[in-house]
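Proteins come first, then strands; the chains are lettered A, B, ... in the order of their sequence lines, and each starts at number 1.
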Amino acid sequence: MQRIGVFVCHCGTNIAATVDVKAVAEALSHEPGVVISQDYQYMCSESGQNLVKDAIKEHKLTGVVVCSCSPRMHENTFRKAAASVGLNPYLVEIANIREQCSWIHKDIATATDKAVILGKAAVAKVHLNAPLTAGESPVAKRALVIGGGIAGIQTALDIAEAGFDVDIVEKKSTIGGKMAQIDKTFPTLDCAACILTPKMVEASQNEHITIHSFSEVSEVKGFVGNFTVTIKKKARYVDEVKCTGCGACVEKCPMKKVPNEFNEGLDNRHAVYIPFAQAVPKVATIDPNYCMMLKNGKCGICSKVCTAGAIDYKQQDRFIEQKYGAIIVATGFNPINLDKYDEFAYNQCPDVVTSLELERLMNAAGPNGGTLLRPSDKTHPHTIVFVQCVGSRCDDEKGKPYCSKICCMYTAKHAMLIREKYPDTEVYVFYIDVRTPGKNFDEFYRRAVEQYNVHYIKGMVGKVTPKSDGKIDVQASDLLSNEQLHINADMVVLAAAIEPDKTARPLATMLTTQMDTNDFFTEAHPKLRPVESATAGIFLSGACQGPKDIPETVAQASAAAAKAIGLLVKNSITCNPCVAHSDELLCNGCSSCEKVCPYGAITYQDKEFRMPDRTTAIRRVASVNPAVCQGCGACTVACPSGAMDLNGFSNSQIMAEVDAICK
Amino acid sequence: MKTFTYYPGCTLRTKAKDLDAYARSCAEALGIALEEPADWQCCGGAYTTAKDEIATKLSAVRTLNAAKQAGNPLVTVCSACHNVIKQTNYDISRDEDMAQKVNNYLKLDEAYTGETTVYHYLEMLRDVVGFDNIKSKVTKPLKGKKIAAYYGCLLLRPAKILAMDNPENPTIMEDFIKAIGGTPVIYAQRNECCGGYITMEDKAQAVKRSSAVMNSAADMGADMVITACPLCLYNLKKNSGSQIPVYYFTELLAEALGLKEDTNE
Amino acid sequence: MQVNDNNFQPVIVAFCCNWCSYAGADLSGTNRLNYPTNVKIIRVPCSCRVNPMFILRAFQKGADGVIICGCHPGDCHYTSGNYYTRRRITLLYSMLDFLGIERNRTRLEWVSAAEGAKFAATMQQFTEDVRKLGPNRRLEDLRCRKQ
Amino acid sequence: MNKNLKEQVLRSSGVNVLKCMRCGKCSGTCPSYDEMEYHPHQFVYMVEKGDIDTLMNSNSVYKCLTCFACVERCPRGVEPAKVVEAVRLAAVRQQGSNHLSPVQIPDMLDEDLPQQAIVTAFRKYAK
């Protein structure tokens, strides 16, 4: 006979305000098998848990139902509590009467009725729960970091520091990411390259770190502790081992008119290139879209000048397969495309630039050697207008609904640097709100206003129009003085919204992790598990999870590393026991389950069975590898003979819930 | 030969007769049959966006329904008519409440709920005739002429509804100019309002707006300006004080196709 | 049976996959987005765990509508589970037609963990649609009929 | 604050003024800005506050060209021009409040003025 305990949580007033918790406890006390039914203010608190534990001991409970918040929140808490007093944790069920009842309903009577039904369903289910024991599976002691920007580099360094091997996969020919393109960093104004490049070198020299540059993840199989990843090393037509990075090939390459993506297309590079002087690995790459040798077999100069013999026009994409225990996503961000914002004339006028382009224009290693010149005529700009929130905070099809977070600060930085270097330049910043939370951030912005006399104007630019004399008319509103302004500018800088890298979406599909509607990766819990994805073993680092500045990115990168290390130090991890199993007596050997299993967890074996007449027969039956099965249940529905069932979500358990709800 | 139901609108019957005449002769030369519905009413000149305005939307629906009955797409030349009719068509196909009220008024045999496809004459040239096709038929190209296309507000906005071109950086008229052999001039004010009907209420404002447009075109070195709207033409000619000539785009098309003299006879 | 449109409260069973739709339902709770109390959710690991048998069972036991929610195609936590669901439910529709149960009483929807608003709107709409259909003709297991 | 008028304007315009984030881009782009006493962003804000009478009594309602520049460029999809239209309608629908009367027309005519201008002006300025 089952002895079931029911525990109804008030969650302060979160549940109790709309659900009559006492009535729920009373109603459920009459359900078959229920021997105790109690309510308590905070069931998840220590005293609440003790209440559950004491009841288990006192009433020798065989099953527990907690009516509380979502099982995604506290299922584990109550399972652990049960286990601590000797009740198998899988004999605990949660009825979600907060997220799916009290928070969405207003009428107490109907909400209470619904809570009772949800409770009854959980009681009906727990009657059929079986004690489950989790198996163990080994952990591969190696981590994969996808993305080699500051987030990926920091995560890899921290994991390597703990003594584990880490591979960085970077799609570009060098690591460094966006930070390598940036001139100065806020709020300290130190040089980005001076703090980033030593980290890049450190990563390349660390014995635990392997950098796969110019590579992509092409397939991910497996599960936490046991991922098998195929990495595509794209053909760069240069032997990475032989190349010394001397640059002789670049110097002699006759194809000089390739837009330089490192400088945001503001100048040109050669068809064979090393993105920048401090690139890691410092290895040349040939761009097959422009190389004349690769396009039509005419040239071959680089091969002739390379003393190391590193040029290999016949190089092919290579695929390598590696096992990993943990994967950290650090795919970063990009500014959005501004094609839909032609009112700002970005596509019509070369002197309208994005903030990232301005970084390159002001960078000592940039196209103008650090002197700020207009792209159109290489003259000094004397009036510069900054437009904030271009594509951020939008509620239309063109832009992004979120605040890009970093623009207020980098614009203050740009404005300040320009005023510092060129005091004869007037700088206007059109803002909607200035958002500067962060250590020393608001002080930084105030310095731009008070010390550097940057003109901050509350209002938005409506239209930017290039004129025949090369000037740019900026028409904008000044909301505080209530007038419409026309500024005769030399340059306009647009703070374009940032968005996740385009590779993130297909990667999320490969990793079976969740994304939000903006293609940012979703964390396992927005407050309490910010660097883990909901998929075990996949961690999030940097701007792939949401807009972030450098300090925040580095902090999150280290946090993700700590989480990954916590996984890698284990020799084995507990598997999910809610896996499929086959009743060999019912199995007819049809292979339906094997075909639908996405993990290859089901195999068929010939097994000897004793027949009723005491003879033996060999039959072909399915068996599930519990370490590989992830518990989706596809096989249970495919099985025509009803032999396949799923622990924790068995046919009879779900039917019992259905019955309870429909009664 | 493709047939379109052709809605001229009030002004093309009176003050803008050439816009109409050139449109008809060019269509014929380009293999398009324009059928005018038996009796049509003025579209009202401006679309009333208010949800509680029904009567002002009826005449546009009558025109749309006439095209539906004829089984043709509908084409207009005047930017204002086009704007009113396209917005009406868009709203009636999406706003059930409006569709019901309008149909209750009209008592048509079959309710009209946005079935007709609406083209502006320029869209017809681009999407049905094809600018390359026009180019091949041009006999007197406007070589060396620097022509500024004036879109104004009605042709492009709201872009979601008119769905004709990029509202901030349109190309349809520039491509048209290239097709008839001219050189398009891009200038800032080409998609800003000329002042429109404000000329009735506040002449000074109309003068200010239309001068801004013409000065901007002049700044970029335009020899002439073309438009599709009679009211734009009026403001740009009468109110701007500019000496740069303003033409209907159909007039230049007729000229390039060698039809101008025939049309005027 | 007397049908009173205004007071008819349909019984609706919602199967939600643990990774997307159940999280989406939680999100609509977190955001306090209201939907009718008629909807009762059963958590399953993946929408592909929903055996068509469960749906028939629900109709047999008095449900007026059954909705199955899973991750968007391509986003399944188990890579391909929702594709199986899609095919199975498509087949089930024909069978329901055959049995004389309006196919609109069964619905398959994709709701991601980020779509709390979509979850609430879907449940509201589905409840309204089922309410319009009126009470379901109850399937009965004749073996259980008392003589 | 006039609650009935506010509701009427909201219903008639179909605009959700609460979506406005007060960036002022509508006013930054408005070609009639200098002629207006109250500017597009103020229309949206004052309708939200319910201060409709002030707007109805201001000449600003007749200065909007309905060129939809604000509608096109608003990053929040607020559609200020539709708010202006609704307020203008609320004004001209009042008894004896036509802003334009047929008797004024002959004085306004010149030989080139297209019919379209007259028709449109009546749509905008009279009921």
Side-chain angles (χ1 to χ4, degrees), chain A residues 69-73 94 96 98-107 110-111 113-114 117-118 121 125 505-506 508-510 512-518 520 522 526 534-535 576 578 596 598-599 630-638 642 646 648-649 651 654-655 657-663, chain C residues 9 11-13 15-20 22-23 25-55 57-64 66 71 74-81 84-85 88 112-115 120 123:
Chain A
C69 54
S70 171
R72 295 165 57 84
M73 194 80 180
I94 307 287
N96 185 346
R98 190 178 77 175
E99 280 85 346
Q100 297 179 4
C101 190
S102 69
W103 274 354
I104 44 168
H105 305 311
K106 292 193 182 87
D107 177 57
T110 53
D113 285 348
K114 176 169 170 178
I117 293 173
L118 293 177
K125 184 179 183 191
R505 169 58 68 179
T509 303
M510 266 191 263
T512 70
T513 49
Q514 268 83 50
M515 286 187 138
D516 65 17
T517 46
N518 300 309
F520 286 114
T522 307
T535 304
N576 169 20
C578 294
V596 298
Y599 300 98
Q630 295 297 298
C632 67
C635 55
T636 60
V637 184
L646 187 65
F649 296 95
N651 288 331
I654 296 177
M655 299 262 223
E657 286 182 89
V658 168
D659 291 0
I661 289 173
C662 295
K663 216 183 273 173
Chain C
Q9 292 297 341
V11 174
I12 291 173
V13 180
F15 291 98
C16 291
C17 84
N18 182 49
W19 302 95
C20 288
Y22 195 88
D26 278 355
L27 185 62
S28 66
T30 314
N31 293 340
R32 313 295 197 273
L33 301 170
N34 190 270
Y35 56 86
T37 50
N38 307 58
V39 178
K40 316 281 191 306
I41 297 171
I42 295 179
R43 182 163 69 127
V44 286
C46 175
S47 60
C48 75
R49 176 65 188 94
V50 178
N51 199 318
M53 212 163 60
F54 301 160
I55 299 166
R57 171 80 161 210
F59 285 132
Q60 202 180 50
K61 292 289 174 177
D64 300 295
V66 178
C71 309
D75 291 348
C76 176
H77 179 78
Y78 303 101
T79 322
S80 53
Y84 296 128
T85 315
R88 286 167 186 161
S112 82
E115 294 175 326
M123 292 306 150

TODO: Tell me yes or no: between the side chains of A:Ser70 and A:Arg98, is some donor less than 3.5 Å from an acceptor?
DONE: no

Go through the atoms of [X] and report whether side chain, backbone, both or neither lie under 4.5 Å from a heavy atom of chain A.
X	value
C:Phe15	side chain
C:Cys76	backbone
C:Val44	both
C:Tyr35	both
C:Ala63	both
C:Val66	neither

Top contributor to chain A interface from [options] [non-hydrogen pairs under 4.5 Å]:
options	value
C:Ala113, C:Pro36, C:Ser112, C:Ser80	C:Pro36
C:Leu33, C:Asp75, C:Val11, C:Thr37	C:Thr37
C:Pro52, C:Gly62, C:Ala58	C:Ala58
C:Ala23, C:Ser47, C:Ala120	C:Ala23

Open item on the list: I'd like to know whether C:Asp26 forms a side-chain contact (heavy atoms from CB on, under 4.5 Å) with A:Asn96, so could you lay out the CA-CA distance, the side-chain angles of the two residues, the decisive distance to 0.1 Å, and finally the verdict.
Closed with: CA-CA 9 Å; C:Asp26 278 355; A:Asn96 185 346; 3.0 Å; yes

Open item on the list: Any non-hydrogen side-chain atom of C:Tyr78 less than 4.5 Å from a side-chain atom of C:Pro45?
Closed with: yes

Under 4.5 Å, counting heavy-atom pairs only, tell me which of [options] racks up the most with chain C.
options	value
A:Gln630, A:Met515, A:Lys106, A:Met73	A:Gln630
A:Asp113, A:Thr522, A:Asp107, A:Leu646	A:Leu646
A:Pro71, A:Ser102, A:Ala508	A:Pro71
A:Lys663, A:Arg505, A:Glu657	A:Glu657
A:Asp516, A:Ile661, A:Thr517	A:Ile661

Open item on the list: Using only atom types and a distance under 3.5 Å, with no angle test, would you say the side chain of C:Asn51 pairs donor to acceptor with the backbone of C:Met53?
Closed with: yes

Open item on the list: Using only atom types and a distance under 3.5 Å, with no angle test, would you say the side chain of A:Thr535 pairs donor to acceptor with the backbone of A:Thr512?
Closed with: yes

- [ ] Check the pair C:Val50, C:Ile55 against side-chain contact (heavy atoms from CB on, under 4.5 Å), reporting the backbone distance first and the verdict last.
- [x] CA-CA 8 Å; C:Val50 178; C:Ile55 299 166; 4.1 Å; yes

Task: Contact summary for C:Ile41 and C:Ala25, nearest pair of heavy atoms - done: CD1-CB, 3.8 Å

Open item on the list: Please evaluate residues C:His77 and C:Cys17 with respect to the criterion side-chain contact (heavy atoms from CB on, under 4.5 Å), reporting the C-alpha separation (whole Å), side-chain torsions for both, the decisive distance (0.1 Å), and the verdict.
Closed with: CA-CA 9 Å; C:His77 179 78; C:Cys17 84; over 6 Å; no

Open item on the list: Using the salt bridge (charged side-chain N to carboxylate O under 4.0 Å, His left out) criterion, which residues pair with A:Asp659? Sequence neighbours excluded.
Closed with: C:Arg57

Open item on the list: Give me each pair satisfying salt bridge (Lys or Arg N to Asp or Glu O under 4.0 Å) with a member in residues 30-44 of chain C, each pair once, sequence neighbours excluded.
Closed with: A:Glu75-C:Arg43

TODO: Select one option (side chain, backbone, both, neither) describing which atoms of A:Ala634 are under 4.5 Å from chain C's heavy atoms.
DONE: both

